[in-house]
Number of protein chains: 2
Amino acid sequence: MTYTVHKLAELAGVSKRTLRYYDQIGLLHPAEINASGYRIYTEKEVDLLQQILFFRELDVDLDTIKSIIYSADFDRKKALEEHRDRLLDKQEHIRMLLENVEKSIQAMERKVEMTDNEKFIGFKEEKIAENEANYGEEIREAYGKEAVEVANQKFRGLNEEQYRKMEAVEQRLFEKLKRAMQGGDPTSPGAMQTAELHREWLSFNWSAYSKEAHAGLAEMYVHDERFTAYYDNKIGEGAAQFLRDSIRHYTMQ
Amino acid sequence: MTYTVHKLAELAGVSKRTLRYYDQIGLLHPAEINASGYRIYTEKEVDLLQQILFFRELDVDLDTIKSIIYSADFDRKKALEEHRDRLLDKQEHIRMLLENVEKSIQAMERKVEMTDNEKFIGFKEEKIAENEANYGEEIREAYGKEAVEVANQKFRGLNEEQYRKMEAVEQRLFEKLKRAMQGGDPTSPGAMQTAELHREWLSFNWSAYSKEAHAGLAEMYVHDERFTAYYDNKIGEGAAQFLRDSIRHYTMQ
DNA sequence: TCTAAACGATGACGCTGCGTCAACCGCAAG
DNA sequence: CTTGCGGTTGACGCAGCGTCATCGTTTAGA
C-alpha cells in the first residue's frame, strides 16, 4: 500500500508540514516522486516513521534520530526493545510525579509536611536520568555502537578535543576504580579520587554541579540494572556498588 | 527560606536562564530585587514554580500557564488535583505506546500481524485526547471558568468572530442532540445531523478531518468519565452514549 | 586585606521544529 | 469548464530557551 502526504499524515497523526520538513532534512524521504511531483510513501517509510515517532516521544532530537536510523548497523528490533525500556523509564517518572502531586495535596490539607526539595521530585530526577541516559555510554550499547558515535558527540555539544578529554577521564576513572576496589574500603583516599574523577567526567555534561545530584545519580547506578551492568562489566562484580559508596562518602564531606 | 537564582535553579532542576526568562515574560517574578540587583525568591515563588513545572510537564504553553496561575479564581489545590488527572492520562498514553512497541516486536518475530494503522496507536490517540482536553470546555471547568476563558481562546488560535461561531455551533449541537435523543434512534436523520454538527464543531480545532479520528474521539466520550459527565450534565443521562452511537453510525457511511 | 573563584546582572544572537501563508499545479467530479 | 480538494515550493515567524560577552557582587581562603 502506498500513501500520499495527506494519507500518511492522517495515518500517523502528524502534520503534512512535518512530513515535508522531514523530507527536506533527509530524515524521511518518500519512496518516489510521481509524475505530478507528489510524494509517494510505502511500507518501508511507514516503519521508519514509526521509529521516528518513538524516538521523538523519547525527546531525541531529529538530527540524532537521523544518525541512528540510517547507520549501517541499525537494528529495528533491537531499537524497539530499547524504546520499550525507555518508555518504562518514562512511566516511572510519571509515577514519581503522581506521588509528588499526591503529597502536595496532602501538604495543603495539613496532613503531612513537605520540604521545598520534595516539591520538585520527579522534575529534578528526570533531568539526572535524562542526562545520564542521553550522555552516557549506555545509549551506545543499546542502539548500536558505531551508529551513535557521532550522535553522542553531538549530544554532548563537545568538539573533538573535549570529547577525547572526556574519554581519557573516563579511562582513568575505570583504572582508579579498579584499584580502589582491591583495597575494599569505599572511603579510602583512592576511592575519593575515584569519586573526584567521576565528578570531573560529569563536568563535561553538567552545566551545574551539586553534591545532591551527584549522590542521586550514584544511587541510580545500583538501582537500575543497566547502569550496574555497565560498570560491573567494565571493571568487575560490585563495581557499581563500590562507586556508589565512594560517591556517597565523597558527597557527604 | 530565600533563594537566589542559582539555588532555586538547583532546587527545581531548571536552568538559571529559564528563571530569568520567566521573570522577563512575567511568569515568575522574584519576591524582590536586593541591593546588589540580585533576584530573591521565597516560599511563594517555590510553590508557583512547582505549578509551572507541572503545567510544563503537561505541555501547556507558558502564556497559557501565566493566564491560569495569575487569575483571580486560581485554586492551587484544585489545580494539583487536575494535574493528577492529567498525569494519569499521560500514564495511560504511555501504556498504549508500550502495547504498541510490544506488538511491533511480535510482528517482527512473525507471531502476529500488524496493520499500518496499529503501528501508530498511542501517537494518534495522544493527539486526539490532547486536542479535546486542551480545546474542550473541560479544561475550563477543571482549572476555573473565568481564569481560562482568554487562555482557551488563545489555545484555539481563533479570533473573536470564529470563537463566537464555534460556540454557536456547539449550542446547536446540544439542541439537536437533545431532540435526537428523544427519538431514541442513534441512526435517525436527526442523529446524523447531530454528528454532522459535531464534525463542524471539530473543524474549528482540527486542521484535518478523518472519520477514524472522529469515531475514536467519540469512543473516548463514553470511556472517559469526565467527557461522559460533560455531555450528560449538559443534555441528560445517556447523552454521551447516544452521541457516540450517532457518530459511529455517521462515520461508517 | 587581597585575590580568585563563584555568584549575580543585562543584552543579544542563534537554534530546533515546525505553523502559517502565498502562489501555483494536478486530479476528479459535476 | 468550474470547483473543490489534493499536491508542490518558498519564505517568514514563533516559543522557549542555550550560549556568549561584558561587567558588577559575594564568598572563602591565603
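Order of the sequence lines fixes the chain letters, A, B, ..., with proteins taken first and strands second; residue numbering starts at 1 for each chain.
- The shortest distance between the side-chain N/O atoms of B:R39 and the OP1/OP2 oxygens of C:dA9 is below 4.0 Å.
- A donor-acceptor contact shorter than 3.5 Å links the side chain of A:Y70 to the backbone of A:L27.
- In this structure, A:L53 atom CG and C:dG17 atom C1' are separated by 14 Å, rounded to whole Å.
- Nucleotide D:dG7 holds its P atom 15 Å from the CZ atom of A:R17, rounded to whole Å.
- Here B:S15 reaches the OP1 or OP2 of D:dG18: one of its side-chain N or O atoms lies under 4.0 Å away.
- At a threshold of 4.0 angstrom between heavy atoms, the contacts of A:I25 with the nucleic acid are absent.
- Distances shown here put every side-chain N or O of A:R20 at or beyond 4.0 Å from the OP1 or OP2 atom of C:dG17.
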*asked:* Working note: B:I247 + B:H198, criterion side chain to side chain contact (heavy atoms under 4.5 Å, CB included); need CA distance, chi angles, decisive distance, verdict.
replied: CA-CA 8 Å; B:I247 290 168; B:H198 192 257; 3.5 Å; yes
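- Annotation: the span from B:R56 atom CZ to B:Q51 atom CD amounts to 14.0 Å, rounded to 0.5 Å.
- Pairs passing the salt bridge (charged side-chain N to carboxylate O under 4.0 Å, His left out) check and including a residue from residues 33-53 of chain A, sequence neighbours excluded, read A:D23-A:R39, A:E43-B:K119, A:D47-A:R76, A:D47-B:K119.
- If you measure from atom CG of A:D23 to atom C1' of C:dG17, you get 15 Å, rounded to the nearest angstrom.
- Taking the six-membered ring where tryptophan is involved, the planes of B:F54 and B:H83 are essentially parallel, since the angle between them stays under 30° and well short of 60°.
- One atom, CG of B:L19, and another, P of C:dG8, lie 10 Å apart when rounded to the nearest Å.
- With no hydrogens or angles considered, no side-chain donor-acceptor pair links B:T64 and B:S67 at under 3.5 Å.
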Pick out the pairs of N or O atoms, protein on one side and nucleotides 5-7 of chain C on the other, that lie under 3.5 Å.
| residue | atom | partner | partner atom | Å |
| --- | --- | --- | --- | --- |
| C:dC7 | OP1 | B:H6 | NE2 | 3.3 |
| C:dC7 | O2 | B:Y38 | OH | 3.1 |

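- Summarising the geometry, the separation between OH on A:Y21 and P on D:dA11 is reported as 16 Å, rounded to the nearest angstrom.
- Going from atom CD1 of A:I40 over to atom P of D:dG7 covers 9 Å, rounded to whole Å.
- Residues B:A35 and B:R56 both approach DNA chain D. Their nearest nucleotides, taken by heavy-atom distance, put B:R56 toward the 5′ side.
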*Evaluate side chain to side chain donor-acceptor pair (under 3.5 Å) for B:N117 paired with B:T115, printing each intermediate quantity in order.*
CA-CA 5 Å; B:N117 194 55; B:T115 65; 5.1 Å; no
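- B:N34 places its CG atom 9 Å from the P atom of C:dA9, with the value rounded to the nearest Å.
- What separates CD1 of B:I33 from C1' of D:dT25 is a distance of 14 Å, to the nearest Å.
- Note on A:S36: every side-chain N or O is 4.0 Å or more away from OP1 and OP2 of C:dC25.
- Using a 4.0 Å cut-off, no side-chain N or O of A:T18 falls inside it from OP1 or OP2 of C:dG17.
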